[in-house]
Protein chains: 2
Amino acid sequence: MSQKCQHEHREPVQLCNLTEQLRAKSRKITGPRQAILEVMSQESHPVTTKEIMAALPTGVCDRVTIYRAMHLLETMELVRRFDFGDGTARFELVRGNTEDHHHHLICRTCSVVIELEECFPSDLEKRIARDSGFQRLSHKLEFFGICPKCQP
Amino acid sequence: MSQKCQHEHREPVQLCNLTEQLRAKSRKITGPRQAILEVMSQESHPVTTKEIMAALPTGVCDRVTIYRAMHLLETMELVRRFDFGDGTARFELVRGNTEDHHHHLICRTCSVVIELEECFPSDLEKRIARDSGFQRLSHKLEFFGICPKCQP
DNA sequence: TTTTATTTTGCAAATGATTTGCAAAATGAG
DNA sequence: CTCATTTTGCAAATCATTTGCAAAATAAAA
Ligand SMILES: [Mn+2]
Ligand SMILES: [Mn+2]
Ligand SMILES: [Zn+2]
Ligand SMILES: [Zn+2]
């Protein structure tokens, strides 16, 4: 079945998904949640809760609400969590298929982020699964380096 | 030139390295540091500071000392830091060449760890470097899955 | 629309890992 | 053994994240 949004007016796909998926789980469509998703839809790289907070109009919601929204959206697979190794979680809106994922390249000096298309080769991953007997394999993978601007 | 230890008596390679490298930096060879390395040399997977603390004879040192030792040993490249995504750093003794590294496969249910030989293909990594203009690329990579014992 | 059941939220406080300040203790060179 | 330097323990600070709870918001029911 198609996932097409039923509304007539134009809205980002994510907000439609949000509405529908929230209803399906008897969760509520609230101002904070819409505002958070609005902010995230304008970001092209993973963002921290602190950054979301800063991008939100003053007083929209508490930081705790953002943490709680991230948990919810993560379980709904509308948002994905990343770890750049600095002790702060980052979140990014899932834009394509839920099954897709991607990785990042981060500058060790200025922290600029590049979105990557390359992924760990699935045949290699299958071999790891076969050799170990593990099932449902997934991976966390991020690259680090020195970006052109930061090179000596 | 060979890295062979000059001492006559038998000691784990790491402790020799420690002694020599510490001298070279005018840092001191202390009881806590030797004890911590002793514990780590008996572990085959990355360990947390809490686990090191627990494995150490009571009263050998404070948890803070372990944190400080990990920082020092990490800069000396005698120890490597890993992140299994649970908010606690893990450390493992570097056993082979300093340039080598490896990754892990962790059970999402029971947390059992498998040491892996597979690594991200270097030709692919070189392509990422070339396409992005980044230099000195490195990567963080860990796999997750369900181990044979935890499978339904 | 009003009522009612349920979910959310804000705020304060708790948790947990890690870091820092500082004076006392340990180490190693001479 | 003495002295300069590095380390350590302990308490307190930081920081991200979580939790408890009563008040506020939302959506289903009447
Ligand atoms: Mn991304
Ligand atoms: Mn390992
Ligand atoms: Zn991937
Ligand atoms: Zn690798």
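To find a chain, count down the sequence lines: A is the first, B the second, and so on, and within it residues start at 1. Source: prediction; values computed, not measured. Only this structure's heavy atoms are used, side chains among them; waters, hydrogens and symmetry mates stay out.
- Heavy atoms from other residues, nucleotides or ligands lying under 6.0 Å from CD of B/Glu99 number more than 12.
- Hydrophobic clustering (side-chain heavy atoms under 4.5 Å, transitive across Ile, Leu, Val, Met, Phe, Trp, Tyr) groups B/Ile114 together with A/Ile128.
- Rounded to an integer number of Å, the gap from B/Asp86 CG to D/dA16 C1' is 14 Å.
- Look at CD1 on B/Ile66: it is 16 Å from P on D/dT7, rounded to the nearest Å.
- Two end axes, each from the C1' atoms of five base pairs, can be drawn for the helix from C/dT1-D/dA30 to C/dG30-D/dC1; they diverge by 30°, to 10 degrees.
- Taking atom CD on A/Glu51 and atom C1' on D/dA16, their separation rounds to 14 Å, with Å as the unit.
- Straight-line distance from the CG atom of A/Asp62 to the P atom of D/dA16: 15 Å, rounded to whole Å.
- Remark: B/Phe120 pairs with A/Phe143 by the ring-ring contact (aromatic ring centres under 6.0 Å, His included) rule, at least two apart or across chains.
- Between the side chain of A/Glu142 and the main chain of A/His104, a donor-acceptor pair closer than 3.5 Å is present.
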Nucleotides 15-27 of chain C: protein proximity per nucleotide (B base, S sugar-phosphate only, - neither; heavy atom, under 4.0 Å): --SBBBB-----B

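- A donor-acceptor distance shorter than 3.5 angstrom exists from the side chain of A/Arg80 to the backbone of A/Thr98, with no hydrogens or angles considered.
- The hydrophobic clustering, which links ILVMFWY residues whose side-chain heavy atoms are closer than 4.5 Å, places A/Leu137 and B/Val113 apart.
- Between B/Ile66 and B/Leu56 the shortest side-chain heavy-atom distance falls below 4.5 Å.
- A/His102 pairs with exactly one of A/Glu117, A/Glu118, A/Glu92 by the side-chain hydrogen bond (donor to acceptor under 3.5 Å, both in side chains) rule, that one being A/Glu92.
- Atoms CZ (B/Arg33) and C1' (D/dT6) sit 8 Å apart, rounded to a whole Å.
- Going from atom CE of B/Met53 over to atom P of D/dT8 covers 13 Å, rounded to whole Å.
- Between B/Gln21 atom CD and D/dT6 atom P the separation is 18 Å, expressed in whole Å.
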